[in-house]
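Here the structure comes first, spelled out in structure tokens, and everything after it is commentary.
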Amino acid sequence: QTCALPIYELTSAIGIAGDGASSLSAYRNSPGQAGIEVKPFHVGRAVQAGITAAFLGRDGLRGPPNILEDKNGFCRAFSQEPRPELILQKLGERFEIMESGFKRHAATGGLLTSIDAALWLREEHKLEPGSIDRVRVLQPKWHLDRRGPKTYPDSIGASRPNGAYVVAAALVDGEVTHRQHTAEKLADPRIVDLVNRLEFDTASEIEEIFEATKSDPQFFVDRKSTRL
């Protein structure tokens with residue numbers, strides 16, 4: 001749409017963009033999550049790749065026309081159960097960008113419902129951090145296994161995907177924004193104390209909700225069901 005490319009140039013542009021696509025997550029396993037700072041670049045790089053591909057396709061660079069459905073193509077590289085036919089549903093009518101939105105909280109997607117629950121409890125019961133004896137957060141086992149053992153973040157970048165930290169920050173401050181991801185907040189004794197009283201677990205009810213959600217054609221792996 002940016003360049004209003006004719007079909008053959010658009011096909012090349014899609015091939016070029018798909019050929020350069022990446023969404024590696026080695027940062028999750030980097031020592032001390034030292035590489036976590038690169039995650040916010042993923043979306044920006046995708047946009048950059050798309051715009052670059054559009055201009056290159058317009059100027060004559062040829063990309064593979066079978067980039068989506070090929071056995072070595074985009075869909076099979078990023079999914080164990082590729083469904084390329086979904087790409088054609090309502091083609092030209094439905095645009096994914098129109099269904100996107102901004103995160104309400106400055107944290108990874110799988111933690112947003114946990115933060116919502118914490119904020120609701122804080123407001124509904126006028127909770128003071130010092131009055132909380134214990135917090136038990138229920139999440140799908142898949143997410144718990146992916147998250148790993150509870151730790152305290154040792155950097156600003158590591159605080160965003162840290163479930164214990166963002167839930168505690170929500171209960172202490174009543175928000176999780178860029179203001180909670182600072183060196184000063186990481187040292188806030190109220191948040192540190194509350195993190196020590198948090199525990200994560202799962203339950204059959206949560207697993208049932210999670211499994212039902214996965215049957216939604218629009219399912220994304222970062223959608224979680226959470227109950228506090």
Verify side-chain contact (heavy atoms from CB on, under 4.5 Å) between L112 and R104, making sure each step is shown before the conclusion. CA-CA 8 Å; L112 301 186; R104 293 185 58 200; over 6 Å; no

Would you sort out whether Y152 and I191 count as a side-chain contact (heavy atoms from CB on, under 4.5 Å), showing the intermediate values? CA-CA 10 Å; Y152 197 82; I191 295 178; 3.9 Å; yes

Does Q89 form a side-chain contact (heavy atoms from CB on, under 4.5 Å) with R94? I'd like the steps, not just the answer. CA-CA 8 Å; Q89 288 186 2; R94 174 176 172 265; over 6 Å; no

Set out, in order, the CA-CA distance, both residues' side-chain angles and the distance that settles side-chain contact (heavy atoms from CB on, under 4.5 Å) for L111 and Q139, then state yes or no. CA-CA 9 Å; L111 300 173; Q139 291 186 326; 3.9 Å; yes

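Nearest approach of L198 to A168, heavy atoms of both residues: CD1-CB, 4.0 Å. Here the closest non-hydrogen pair linking S131 and E128 is OG-O, 2.6 Å. Contact between A106 and T177 at its shortest, heavy atoms only, is CB-C, 3.7 Å.
Counting heavy atoms from C-beta outward, L119 and E175 have side chains that stay 4.5 Å or more apart. In this structure, the side chains of Y165 and L186 come closer than 4.5 Å at one or more pairs of heavy atoms. The shortest side-chain heavy-atom distance between L138 and D201 falls under the 4.5 Å cut-off.
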Can you give me every donor-acceptor pair (side chain of residues 71-80, partner residue at least two apart or in another chain, under 3.5 Å) with its distance?
from: S79; atom 1: OG; to: E81; atom 2: N; distance (Å): 3.1
from: S79; atom 1: OG; to: E81; atom 2: O; distance (Å): 3.3

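For the pair R179 and D173, the salt-bridge criterion is not met [side-chain N within less than 4.0 Å of a carboxylate O]. Under 4.0 Å is where a charged nitrogen must lie from a carboxylate oxygen, and between E207 and K141 no such pair does. Ion pairing between a basic and an acidic side chain is recognised when a charged N comes within 4.0 Å of a carboxylate O; D193 and R190 show no such pairing.
Side chains of Q180 and S159: a donor-acceptor N/O pair is absent below 3.5 angstrom, by distance only.
Between the side chain of R160 and the backbone N or O of T108, no donor-acceptor pair lies under 3.5 Å. Of the possible polar contacts, none joining the H105 side chain to the I115 backbone as a donor-acceptor pair under 3.5 Å is found.
Summarising the local packing, CD of E123 is surrounded by 12 or fewer heavy atoms from other residues, nucleotides or ligands at distances under 6.0 Å. Other residues, nucleotides and ligands contribute more than 12 heavy atoms inside 6.0 Å of the CD atom of E211.
L171 CG to L194 CG: the interatomic distance, rounded to the nearest 0.5 Å, is 5.5 Å. Summarising the geometry, atom NE2 belonging to H181 is positioned 10.0 Å from atom CG belonging to N162; distances are rounded to the nearest 0.5 Å.
Through direct or indirect side-chain contacts shorter than 4.5 Å among Ile, Leu, Val, Met, Phe, Trp and Tyr, L91 is connected to L88.
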